[in-house]
Every structure is written in structure tokens, then in C-alpha cells.
Protein chains: 2
Amino acid sequence: MAIALPKTKRGESSRAVILQAALDLFQERGYEATTMRAIADRAGVSLGSSYHYFPSKEHLVLEFYRHTHELHAEAVRPLLSRERDLAARLRGTMRAVIITCEPFHAVAGSIFSTVANPSSPLNPFGGTARPLRDEVVALYAEVVSGSDARIASDIAEMLPLTLWLYQMGILYFWIFDRSPGRLRTLEVIDETTDLIVRLISLANLPVLRGSRKRVLSLMKAIVE
Amino acid sequence: MAIALPKTKRGESSRAVILQAALDLFQERGYEATTMRAIADRAGVSLGSSYHYFPSKEHLVLEFYRHTHELHAEAVRPLLSRERDLAARLRGTMRAVIITCEPFHAVAGSIFSTVANPSSPLNPFGGTARPLRDEVVALYAEVVSGSDARIASDIAEMLPLTLWLYQMGILYFWIFDRSPGRLRTLEVIDETTDLIVRLISLANLPVLRGSRKRVLSLMKAIVE
DNA sequence: GCTTCAACTTGAACATGTTCAAATCAAATC
DNA sequence: GATTTGATTTGAACATGTTCAAGTTGAAGC
């Protein structure tokens, strides 16, 4: 249960080697099939040592999640600095998500469920994983703000969080996708990103003004 | 792993007593805090006996889930045979969900995550839990079909499944709701059910015709 | 060089989900 | 009533996440 940041060179190296072993094994065998003993073995430390640096197996998953996010953020950087069209930015970002995660597809199910568990410290809605979630939301804020789309401020305010939620939905679909090359997920991404951009522009219609206000204030209330 | 339906009176009674013990303990202590040994103890059977009737602890949760659904279906029956207004039917049905589940609120998190786990046999998107999901979807089909709302057939086709998904979302929100009397969830239900009904009528607008077709055909494609 | 002390490491021990071979039971058959 | 046979029951054994008290290490202060 102790949250011990390494205080010595030796400690830092131990933590790093344990983490690397865990990332490798999660990717090779998945979450459940990776035992804490196997992680300790591959890292060349004792079982107890792992618990000195990571309070639980779930906390190691959080690091896995963070690692994936960093890969993703790096992958979309060129696109986000070049492209200005919102639909293209969003589509590219979503495609990059599933391309980045593709090596972990077989094991993603168990990892996703760990993260979605409301009673887990890893749940992004509140707890240890909150800072990481905020980073991902910030990425989507950049997707929006760096585009040349003119978006009403009330919508722009809620959009990043909504897109993060949307990404979660896409990932959940992708986990179940057994199609070759994950083509179905790619199609769904193309279609939904287009729809989202279209919906944003439709939201300016006078008939929709009322519902739009209600939806947005509801969302704001939900976020607290 | 064996799926053994009881073949004798004795077997039937054993299965029933184990199930009852499990339901009680889940409600009293939650999923994780309930051990298989505790279930066997309270049921007055040995540990191994439980595994003769239920392949795993998760399968006992499925029964818990089914039990809750039956309580809910019973609770909304009067409303559904009396009320004809769609918004009122939907609102009442959703309110009944969280009222029915209220006794399990403290333990709902761990149960929900078990069900949402894509690699679990309990996942409603495909596996053992599929029949139960179909029952819940059928309930929402009745909510729609028993109303006096005139709904275009392409929408009506996808609506029950969508409402089931919506119910899942509300439950997820409810799990995190710490407000007294779960008032916030009730407010969200009132607001969202209204919005849904409004959206259904808006979908007939000529401007929305295109998006509507695209959304519906996308949903149909996702369901397979 | 010696002492001290916090950081680090270790492996045994525990709790719990699951498996399984053996024992027990009870109904059908003779 | 004895035998057979399949259903049921049992508890020991195993795997694995987690805890913890005890041991080891190494640098700072003397």
C-alpha cells in the first residue's frame, strides 16, 4: 500500500526494470495471464520488491495506459501541426489511437475492464488516474483549438471531454472487432467523426437551439 | 467448468440454497468481499459443491443480475399497462431501475465492472449473458411499442437497443452518485428522457434527414 | 574505519478463486 | 435385499495477489 518513490539510484533502476518487465509481459500475455511472480522473475527481483514500488498489479496497468497515451500523443503530433480541418484532425487522431493500440489488441479487453471498474483506483472518473485522463482530454482540446473550425464557445467548452468519452466508446468497439485489419473500426471512425463535425455545425440551427442549451447544461452539471 | 443442471430433488435444493446465499451475501458485502467459502458456509454445503452448479463466481453475479431484472420488470408492469405517453413511460421505467437497484448501490460498482468486462462470460455483448440482455431489450421494446407516440419505423427498429445502452449509461452515472436520495441521478433521468423524446420528434425535420439516415445505418452496421 | 539509519530486498505466510480425484448417496434394476 | 450407476458432495491441493517482519545494503556523520 506504500507509495514509495525511489530515493536512490539503486531504487530508480529497480523501479524501471520492474516496470519494463511488466509492460513487456502485459503485451505478450495480457493482464490476467501475467503474474506478479513472472514480472518479478523477469525483472530479476523478488516478489516483494515489486510491491515496494507499485502498490498493486492494477497500478502497473496504469503505467501501461500512460505509456500508450505517450505513444499516441507522439504519433499525432505531425498531423496536428500540419492539418487545420477539424474532421481530418479528429479522424487522424482516432485512427492513430487504434493503430497505436493494435499491438495490444489481444490483451486490451482485460486492461480496459480494469480501467473501467468504478471501484478501481485506476478509474479515470476519479482517483489516481485522474491526471492521466486530464492529459488525454488536453490532447482533444488541442485537436479542436488547433482547427480552423468556428465553434460556439458553449460547445467548445464541453467538446474535449466529450471527445475523450467518444474515444473510450471507439476503443470498446475496437476490442470486440474481429475484422481483418480492424477495418470495421476504421469505417466506424470515418463515419462517426464526420457525423460529429456535422452535428457541431447543425447545432447552430434555430430549431435545435433549445435542445442544444439543455444538452450542454446537462453535461456541465454531470461533470460537476 | 461443468454446466450441471440439477437432475435430482436434492440437487435442485442444493443449487437453490447456494444461489440464495450468494444473492444475500453480494447484497450484504458486495462482490469482492464475498468469498466462495462464505457462500458455501452460509449455504451449508462444501466449497466444491458450489462449483458443481456454478462454473465460477462470475456466474453467480449473472444470477444476481437476472434477479434484479426480474424485480425491475415486475415494478414497471403497472405503469406500462396504464400510461401511454412515451416520455412518462420512459421516465418511470428509468426511475424504477435505480429504485430497484438502490439496495445494492454500495456494491454495484464491483458488479457493474464484472459485467462490463469484455473478456468475461458475463459481458452482455456476446456470451452467456446474451439471453438476459435480450430480455432487457425486450422490456424497452415494450416501453416504446406500448406508447401512443408515432415513431418512424427505422427509428423504432433501433430504439430498444439504444435505450438499453442508455440505461447502462444511467447506471454507470448512478454508481458514482453520492447525492442524498440519489437526487442527481433522478434529475439526470428526468432531463435525458425528455431530451430523448424530443430528439425522436426532431429527427423528422428535413435538415436532419441526412444525418438521421447515416446514424441509423451506422448503428445497424455496428449491431451486425 | 566505525556507527547509524533509512532505503531497499527478501521470502515466508495468508486469503481466495478454482480444480479434481475420491467418497458418498440414492434411485433404478435385478 | 443386493447391485449398479450416475448424480452429488467433499476437502485437499494449487495458483496467484498481497502483506509483513526480518534481513541486507550503502551512504552520511563521526
Side-chain angles (χ1 to χ4, degrees), chain A residues 1-19 21-22 25-26 29-64 107 110-111 113-114 117 119-122 128, chain B residues 1-19 21-22 25-26 29-64 107 110-111 113-114 117 119-122 128:
Chain A
M1 201 49 107
I3 330 155
L5 274 190
K7 305 258 164 92
T8 67
K9 278 272 188 303
R10 190 167 161 231
E12 266 171 49
S13 130
S14 285
R15 185 182 193 278
V17 87
I18 291 166
L19 179 56
L25 284 169
F26 284 155
R29 311 182 187 170
Y31 178 70
E32 273 119 21
T34 298
T35 71
M36 290 300 283
R37 283 163 183 80
I39 293 172
D41 270 5
R42 179 167 301 195
V45 301
S46 76
L47 178 59
S49 235
S50 309
Y51 282 93
H52 187 69
Y53 296 103
F54 302 94
S56 77
K57 194 181 173 186
E58 288 188 332
H59 282 76
L60 280 163
V61 177
L62 180 59
E63 297 301 319
F64 185 89
V107 310
S110 52
I111 289 173
S113 89
T114 307
N117 188 338
S119 45
S120 158
L122 301 193
T128 325
Chain B
M1 200 48 108
I3 332 155
L5 274 190
K7 305 259 164 89
T8 67
K9 278 272 189 306
R10 191 167 160 232
E12 266 170 49
S13 129
S14 286
R15 184 182 192 280
V17 87
I18 291 166
L19 178 56
L25 284 170
F26 284 155
R29 312 182 187 172
Y31 178 70
E32 272 120 21
T34 298
T35 71
M36 290 300 284
R37 282 165 182 80
I39 293 173
D41 270 5
R42 179 168 299 196
V45 301
S46 76
L47 177 59
S49 234
S50 308
Y51 283 92
H52 188 69
Y53 297 104
F54 303 94
S56 77
K57 194 181 173 186
E58 288 189 330
H59 282 76
L60 280 164
V61 177
L62 181 59
E63 296 301 319
F64 186 88
V107 309
S110 52
I111 289 172
S113 90
T114 307
N117 188 337
S119 45
S120 158
L122 301 193
T128 325

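None of the values given here were measured: they were computed from a predicted structure. Residue numbering restarts at 1 for every chain, and letters A, B, ... go by the order of the sequence lines.
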* **Positive for side chain to side chain contact (heavy atoms under 4.5 Å, CB included) with A/R42, one of A/T34, A/L25, A/I18, A/V17** =>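 Of the listed residues A/T34, A/L25, A/I18, A/V17, the side chain to side chain contact (heavy atoms under 4.5 Å, CB included) partner of A/R42 is A/L25.
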* Using five base pairs at each end, measure the axis-to-axis angle across the helix from C/dG1-D/dC30 to C/dC30-D/dG1 and round it to 10 degrees. =>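 Inter-axis angle at the ends, rounded: 10°.
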Whether [X] contacts [N] is assessed here as follows: a side-chain N or O lying under 4.0 Å from the phosphate OP1 or OP2. Is that the case?
| X | N | result |
| --- | --- | --- |
| B/Y53 | D/dT9 | yes |
| A/S14 | C/dT9 | yes |
| B/T8 | D/dT8 | yes |

Nearest-Å distance for atom pair [atom1]/[atom2], residues [X] and [N]:
| X | N | atom1 | atom2 | value |
| --- | --- | --- | --- | --- |
| A/K7 | C/dT9 | NZ | C1' | 16 Å |
| A/R10 | D/dG26 | CZ | P | 5 Å |
| A/F54 | D/dT19 | CZ | C1' | 18 Å |
| B/L60 | C/dG17 | CG | P | 11 Å |
| A/M36 | D/dG17 | CE | C1' | 8 Å |
| A/Y51 | C/dA13 | OH | P | 18 Å |
| A/E58 | D/dT18 | CD | P | 7 Å |
| A/Y31 | D/dT16 | OH | C1' | 11 Å |

Nucleotide N/O to protein N/O under 3.5 Å, stretch nucleotides 10-12 of chain C:
residue, atom, partner, partner atom, Å
C/dT10, OP2, A/S46, N, 2.8
C/dT10, OP2, A/S46, OG, 3.4

When rounded to the nearest 0.5 angstrom, what distance separates [atom1] in [X] from [atom2] in [Y]?
| X | Y | atom1 | atom2 | result |
| --- | --- | --- | --- | --- |
| B/M36 | B/D41 | CE | CG | 12.0 Å |
| B/I111 | B/Y31 | CD1 | OH | 9.0 Å |
| A/E12 | A/L5 | CD | CG | 9.5 Å |

* Asked: Within the structure shown, what part of the strands sits under 4.0 Å from B/S13 by heavy-atom distance: base, sugar-phosphate, or nothing?
  ->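 Here B/S13 touches no strand at all.
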* Would you say the side chains of B/S49 and B/H52 form a donor-acceptor pair under 3.5 Å? ->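 The criterion, which ignores hydrogens and geometry beyond distance, is not satisfied for B/H52 and B/S49.
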* **Residue whose nearest DNA chain D nucleotide is more 5′ - B/K9 or A/S56** =>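 The 5'-side residue here is B/K9.
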* Could you pick out which residue, A/E12 or B/A33, lies toward the 5' side of DNA chain C when each is mapped onto its nearest nucleotide? =>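 On the 5' side of the pair lies A/E12.
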* **Selection from D/dT18, C/dT16, D/dT8 that lies nearest to any side-chain heavy atom of B/P6** =>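 Nearest to the side-chain atoms of B/P6, counting from C-beta on, is D/dT8.
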* Shortest non-hydrogen contact between B/G11 and B/P6, atoms and distance ->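 Taking B/G11 first and B/P6 second, the nearest heavy atoms are C-CB, 3.5 Å.
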